[in-house]
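One structure is given below, encoded as structure tokens.
In this text, all values refer to a predicted model and were calculated from it rather than measured experimentally. So you know, we letter chains A, B, ... as the sequences are listed, proteins then strands, and number each from 1.
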There are 2 protein chains.
Amino acid sequence: MAWDTARTRQLLLDAAVEEFAEHGPEGARVARVATRAGINKERIYQYFGSKEKLFVAVLESELQKLAAAVPLTDEQAADLGDYAGRVFDYHHTHPHFVRLLAWEGLLCQDRVAAECERTDHYAEKIATVTAAQRNGTLTDAVGAGELMHAVIALTASWFTLPQLTRMLMSPAARSGPEHQRAALVTVVRRLTS
Amino acid sequence: MAWDTARTRQLLLDAAVEEFAEHGPEGARVARVATRAGINKERIYQYFGSKEKLFVAVLESELQKLAAAVPLTDEQAADLGDYAGRVFDYHHTHPHFVRLLAWEGLLCQDRVAAECERTDHYAEKIATVTAAQRNGTLTDAVGAGELMHAVIALTASWFTLPQLTRMLMSPAARSGPEHQRAALVTVVRRLTS
DNA sequence: TCCATGTCCAACCCATTGGTTGGGAATGAG
DNA sequence: CTCATTCCCAACCAATGGGTTGGACATGGA
């Protein structure tokens, strides 16, 4: 077998994504990452340097994935409800990112990884939304930033606050993901109509 | 000085609230709780048994505080925007609870502390909202549970995802708490009108 | 063939941390 | 005064976990 350092690195990164998403930066165990990846622990330090740097790498990797997977075109900006639904679907099939984001929010009070790029990324989304607002296809009763914030908050909370969902929704036993998605889309559409 | 065991217990609990809110259940250090409280570490084990049990005590304590501090009367249910604003104010002056809630959501996937009481508590709120909906003073376009979920999610995210706020809102530099509160109230009113 | 590099393994180092223990001092009820 | 209780202090224990090291084998290019 040829040495495939890129593959080794990727295996470690994938395992780290799962580990960090599951247990958070504090609870994550370096040894467990290595075991998950089927790679020796020391490799982590060679490729990433430290647990913290590994976390940063994990976060950046997941950020790219999400940005690539759920775009927001000018036309789509007219229906943010649909956009929220697609973000929901992404989180549902890739439950790692949103948890990483939540942990980052709780732990990193000052600066976060790739803050500049991410700010730019969000600025693009906001520009798209603003354009739709000027365009008249989207309400301008609420600022574009506030709108995006609301969409992200509403979408993420289904995954980051599952205990709330359980305690709020259980009475009617209708808390399947389809229902959650529908509720999200409805709420966002109502917010933007 | 008389022995005041209730005070000692309370000092420990208060210190634990801060420690757990700041660092989370994993990052919290028992020794630091003791130091914060100015009480010896061993007392914690006498009064609470273990770190985990201390966390449960902390959570229950904060739950009671919030429930007592921000009620929702039948009349107030007509304006959920105002209610959201008051919850925001509570979180702003008592930033512990919402962080504890977020950590709980990430760590405790199955059961959480005092789940029954909390479910009941939320059921009351939902009943109030439902009454307002039947009453006609509140839209019934969205279910009561979904509405409460949205309100909580929108309110909490300002505190649990500060990095988002920074990256989304910074362009206009208008991200003071007053603005956040106003945006929240607007959004919720728009959602419920 | 030689050799730099990737990898595994296993042990190791050391700081941290949850939790315990024993001794002794303060307190206040009886 | 006596004594059970509360408390502090300091040391201690066992386990965990981040990070390192050294030795050995595989690989493939020069």
Counting heavy atoms from C-beta on, name the nucleotide in C/dG18, D/dT6, D/dC9 closest to the side chain of B/R29. C/dG18
Applying a 4.0 Å non-hydrogen cut-off, can you work out what B/A34 is touching in the nucleic acid: base, sugar-phosphate, or nothing? nothing
For B/G38, which contact category applies under a 4.0 Å heavy-atom criterion: base, sugar-phosphate, or nothing? sugar-phosphate
Basic-acidic side-chain contact under 4.0 Å: A/R118, A/E62: no
Distance, rounded to the nearest Å, where A/F55 contributes CZ and D/dG19 contributes P: 14 Å
Measure CG/B/L12 against C1'/D/dC7 and give the value in whole Å, please. 11 Å
Counting only side-chain heavy atoms from C-beta out, which of C/dG19, C/dC8, D/dG18 sits nearest to B/S50? C/dG19
Within the 4.0 Å heavy-atom criterion, would you say B/I44 contacts the bases, only the backbone, or no part of the nucleic acid? nothing
Taking donor-acceptor contacts at under 3.5 Å, does the side chain of A/E42 reach the base of C/dC9? yes
Between D/dC9, C/dA10, D/dT6, which one does the side chain of A/N40 approach most closely? C/dA10
Atom CD of B/Q46 and atom P of D/dC7: how far apart are they, to the nearest Å? 7 Å
Could you tell me how far apart B/L11 (CG) and D/dT6 (P) are, to the nearest whole angstrom? 16 Å
Derivation of the side-chain hydrogen bond (donor to acceptor under 3.5 Å, both in side chains) call for A/H179 and B/E146: CA-CA 10 Å; A/H179 177 267; B/E146 289 78 358; 3.0 Å; yes
Can you tell me which nucleotide in D/dC7, D/dG19, C/dG18 comes closest to the side chain of B/T8? D/dC7
Strictly under 6.0 Å, is that where the ring centroids of A/F55 and A/F48 end up? no
Over how many whole Å does the gap from A/E19 atom CD to D/dG17 atom P extend? 10 Å
Carboxylate-amine/guanidinium proximity below 4.0 Å for B/E22 and B/R36: yes
Whole angstrom value for the distance that separates P of D/dT6 from CD of B/Q10: 17 Å
What I want to check is whether an N or O donor and acceptor connect the side chain of B/K41 with the base of C/dG19 at under 3.5 Å. yes
Taking atom C1' of D/dG18 as reference, at what distance in whole Å does atom CD of B/E26 sit? 15 Å
B/T5 side chain: which of D/dG18, C/dG19, D/dT6 is closest? D/dT6
So does B/Y45 get a side-chain nitrogen or oxygen closer than 4.0 Å to the phosphate oxygens (OP1/OP2) of C/dT17? no
In short, B/L138 meets B/A78 closest at the heavy-atom pair CD1-O, 3.9 Å
Can you measure A/R32 atom CZ to D/dG18 atom C1' for me and round it to whole angstrom units? 13 Å
For the side chain of B/R43, starting at C-beta, report the closest nucleotide among C/dG18, D/dT6, D/dG18. D/dT6
What is the nucleic acid contact for A/F48, judged by heavy atoms within less than 4.0 Å: base, sugar-phosphate only, or nothing? nothing
Do B/R190 and A/T139 have side-chain atoms, one donor and one acceptor, less than 3.5 Å apart? yes
